[in-house]
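Only this structure's heavy atoms are used, side chains among them; waters, hydrogens and symmetry mates stay out.
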Amino acid sequence: MGCVTSDTAAEIVARSNRLGSDPQVTNFAGGNTSAKGLGIDPVTGESVDLLWVKGSGGDLGTLTESGLAVLRLDRLRALVDVYPGVEREDDMVGAFDYTLHGKGGAVPSIDTAMHGLVDAAHVDHLHPDAGIAFATAADGEALTEKAFGGKVVWVPWRRPGFQLGLDIAAVKARHPEAIGCILGGHGITAWGETSDESERNSLWIIETATAYIAEHGRAKPFGTVLPGYTALPDDERRAKAAALAPHLRALASTDAARVGHFTDDVAVTEFLAGSEHARLSALGTSCPDHFLRTKIRPLVLDLPASATIDESVARLDELHARYREDYRAYYESHANADSPAMRGADPAIILIPGVGMFSYGQDKQTARVAGEFYVNAINVMRGAEAISTYTPISDAEKFRIEYWTLEEAKLRRRPKAKPLASRIALVTGAASGIGKAIATRLAAEGACVVIADLDLTKAQEVAAELGDADVALGVQADVTQEHDVQAAIDSAVLAFGGLDIVVNNAGLSLSKPLLETTAADWDVQHDVMARGSFLVSRAAARVLIDQKLGGDIIYISSKNSVFAGPNNIAYSAAKADQAHQVRLLAAELGEYGVKVNGINPDGVVRGSGIFSGGWGAKRAAVYGVPEDKLGEYYAQRTLLKREVLPENVANAVFVLCTSDLSHTTGLHIPVDAGVAAAFLR
């Protein structure tokens, strides 16, 4: 333990990042690592033995030094003398606070005892698929001895906590030749006297388990292929997934709105094609990190890939009702007076034979990670069934963890959700100007956003500015083309599970007097704004209706929809068409809880694609001002004498989407700094 503080922390972070970056080693936010070394007591200045361990909720792959909890090793080990026994081991988590060194760093996790009590300088606790396959095998103990000899020791299932730390410490003491252990139903733990040795031992256990399964495993662990259950061709598979997505989101969002994630990974489609998939999926997941995110078991459609959308939806409704009844029965049979309230009875994972898997969570990252964890669970089942029989921990043990008071406390530490969390938006013409500002504001308020634009490269650039694929997606869409519009909607529902907010912003303008306006000028402006808005709204409405979650359709119209100005007959007429679409759709979609509203901007010059495309120069000529002064000109003709910016329009869109205007539909909001001639009346 001769490392100084900075070296020890840097060493564990580097090791953690290497281990956490390999999905065969562990999954997102799964497992933890630790290191013991010397530090300086800030009061006495003397050297003290410290433990650095990954804090609660952190992710190994992205761990930084700030994510480490730092504890006094002597004080942590002294807790053994006051340990009240397994019935009260949860009390020990609070006791960790009295062992912290200095400010302590991150919040210590439930696995801290495992790391502190094991007599090794470095410890890794991981959740590799191959390791959990051994941990969930019916004869896992015998297989562990056979595959690893005395180098790896079997530890029967025990819920993570202080007692498990004592158990593993005892194993290490009784088996000095051992480099680690298989934790029944859970994962692996390895150790070493140096960071490199601990990492080598962890990888050796995983590689040995993987090789054993490959060499000794059955060829068809998921059984024979079921006729009609194999994956559909790519185009058919994606089309069916997009058609089902809104219905599935309605089911998964019965208790609370959820964002979705779709994958047709070959691991999923092969699992669903196997004759054993119904039995295995009913057994549920085993590793706590898995079922805390996936729930104990998925909802599985029991129809072949050839089933129609209508047949699938009808059967899914029946299965969902049964799933909710079963989940409530699971809760009620295991809950006691101290259990937290049931968190919802909807599935987090829905499996569709021939198509793939839909996973759900409060945001896109949570939904995606839930899906990744279920793929891990499939890999675990494959491995366990190859060498034995998959035998996860009991539902009673799963409940003890799912509704653990310590897990509830972790949930309460999550930051407050943003106003548009769990909502999914599609904005047309969003690669510049008003559209970009709207997309930026919606993403900042927690929404997932699809940037739809004629220019795919620019759409993708804007999406990248807003965040990663869990936040935004850029797609190419010509709103005048039905195929493009449907493809954009399909992209939204496959990327995020559904759709809640649609902003019809795409537009263009040609500033010409009546006698110079050609039929082509008229057609192109009406095609983009009147026809385009209609096509987008129609395609989106199908999703909104099927989801049964309400939603918002917002038209970026114009002051010109009600104001008669010179030299823009085609533009103003198209905007008037959009304005009346708002009223018509508000009347038609209200029964589904869908609000339809419009915004009438004026004079948005800065950042505008329309103005930079020649409209600005022509409007400046009409008004007799220099083009670079057009914004100032527009501001001076308003009542408030303020220039209208794209962000002002984005603010109005945001307000329309919030609960503050939950009872408002059919409204047009002027965002023009006050143009009396355009007052609504």
Rounded to the nearest 0.5 Å, the OG atom of S533 sits from the NZ atom of K575 at a distance of 7.0 Å

Quiz prompt | K595 side chain vs L656 backbone, donor-acceptor pair below 3.5 Å | solution = yes

Is E236 reaching over with its side chain to a backbone N or O of P233, donor-acceptor style, under 3.5 angstrom? no

| Under 3.5 Å, side chain of K240 to main-chain N/O of A307, donor-acceptor pair present? | yes

**E270 side chain near I378 side chain, heavy-atom distance below 4.5 Å** = no

Shortest non-hydrogen pair, L316 vs L248, comes out as CD1-CD2, 3.4 Å

Pairing donors with acceptors under 3.5 angstrom, does anything connect the side chains of D577 and Q581? yes

Any side-chain heavy atom of V524 within less than 4.5 Å of one from L510? yes

(request) Test side-chain contact (heavy atoms from CB on, under 4.5 Å) on F271 and M357 and set out the steps. (result) CA-CA 11 Å; F271 173 66; M357 172 175 62; over 6 Å; no

Sorted by chain and residue number, the salt bridge (charged side-chain N to carboxylate O under 4.0 Å, His left out) partners of R258 (sequence neighbours excluded) come out as none

- Query: How about R238 and D264: do any of their side-chain heavy atoms sit closer than 4.5 Å?
  - Reply: yes

Value for CG (N568) from CG (D521), rounded to nearest 0.5 Å, stands at 12.5 Å

Heavy-atom closest pair (S422 atom, Q362 atom, distance to 0.1 Å) is OG-O, 2.7 Å

Determine whether Y360 and S253 satisfy the following criterion, side-chain hydrogen bond (donor to acceptor under 3.5 Å, both in side chains), listing intermediate values before the conclusion. CA-CA 9 Å; Y360 296 91; S253 301; over 6 Å; no

Whether T428 side chain and A506 backbone form a donor-acceptor pair below 3.5 Å
yes

Quick note, ring pair (Phe, Tyr, Trp, His ring centres under 6.0 Å) partners involving residues 441-461, not counting sequence neighbours, are none

> Between the side chain of K559 and the main-chain N/O of P601, is any donor-acceptor distance below 3.5 Å?
Replying inline: no

dist R423:CZ -> D552:CG (nearest 0.5 Å) comes out at 5.0 Å

- request: Could you tell me whether R249 and D500 make a salt bridge, using a distance below 4.0 angstrom between a side-chain N and a carboxylate O?
  value: yes

Taken in chain and number order and not counting sequence neighbours, the residues that satisfy salt bridge (charged side-chain N to carboxylate O under 4.0 Å, His left out) with D484 are none

- Query: Are the side chain of T665 and the backbone of V596 linked by a donor-acceptor contact shorter than 3.5 Å?
  - Reply: yes

Can you give the donor-acceptor pairs under 3.5 Å from side chains of residues 454-465 to other protein atoms, not counting sequence neighbours?
unit_1: D455; atom_1: OD1; unit_2: T457; atom_2: N; d: 3.1
unit_1: D455; atom_1: OD1; unit_2: K458; atom_2: N; d: 3.1
unit_1: E465; atom_1: OE1; unit_2: K436; atom_2: NZ; d: 3.2

- Query: Are the side chains of P513 and N567 in touch, meaning some heavy atoms are under 4.5 Å apart?
  - Reply: yes

Output for pair (K364 NZ, F496 CZ), nearest 0.5 Å, gives 6.0 Å

(Q) For the backbone of I545 and the side chain of K548, can you confirm whether one donor and one acceptor N or O come within less than 3.5 Å of each other? (A) no

### Query
Is N505 close to V653 at the side-chain level, that is, under 4.5 Å between some pair of heavy atoms?
no

D470 meets the salt bridge (charged side-chain N to carboxylate O under 4.0 Å, His left out) criterion, sequence neighbours left out, with R368

I'd like to know whether N597 forms a side-chain contact (heavy atoms from CB on, under 4.5 Å) with I669, so could you lay out the CA-CA distance, the side-chain angles of the two residues, the decisive distance to 0.1 Å, and finally the verdict. CA-CA 8 Å; N597 294 291; I669 299 179; over 6 Å; no

Has T638 got a side-chain atom pairing as donor or acceptor with G674's backbone, closer than 3.5 angstrom? no

**Request:** Might you work through the side-chain contact (heavy atoms from CB on, under 4.5 Å) test for S561 and H668, ending with a clear yes or no?
**Result:** CA-CA 10 Å; S561 66; H668 279 278; 5.5 Å; no

Checklist line | Residues E445 and R441 bridged, charged N to O under 4.0 Å | finding: yes

Should we say atom CG of D235 is surrounded by more than 12 heavy atoms from elsewhere, each under 6.0 Å from it? no

dist L585:CG -> N504:CG (nearest 0.5 Å) comes out at 9.0 Å

In terms of heavy-atom contacts, P23 and N376 come closest through O-ND2, 4.4 Å

Contacts of Y374 meeting ring pair (Phe, Tyr, Trp, His ring centres under 6.0 Å) (sequence neighbours excluded), chain-then-number -> none

Margin query: Does R642 have more than 12 heavy atoms from other residues, nucleotides or ligands lying within 6.0 Å of its CZ?
Written below: no

Between A252 and P347 the two heavy atoms that sit nearest each other are CB-O, 4.0 Å

Return yes if a side-chain donor-acceptor contact under 3.5 Å exists between H320 and D346, otherwise no.
yes

Taken to the nearest 0.5 Å, the spacing of R538 CZ from I553 CD1 works out to 12.5 Å

Take V644 and D602, measure what side-chain contact (heavy atoms from CB on, under 4.5 Å) needs, and give me the verdict at the end. CA-CA 7 Å; V644 180; D602 181 49; 5.6 Å; no

Q.
Just so I know, are the side chains of N17 and T64 near enough to count as touching, which here means a heavy-atom distance under 4.5 Å?
A. no

CD of E588: more than 12 outside heavy atoms within 6.0 angstrom? no

Scanning both residues in full, the closest heavy-atom pair of Q486 with A539 reads OE1-CB, 3.8 Å

Smallest heavy-atom separation, P304 atom then G228 atom, equals CB-O, 3.5 Å

So Y323 and K295, do their side chains get closer than 4.5 Å, heavy atoms only? yes

Min side-chain heavy-atom separation L544-L589 under 4.5 Å = no

Subject >> Exam field: side chain D317 to backbone A314, donor-acceptor pair closer than 3.5 Å >> reply: no

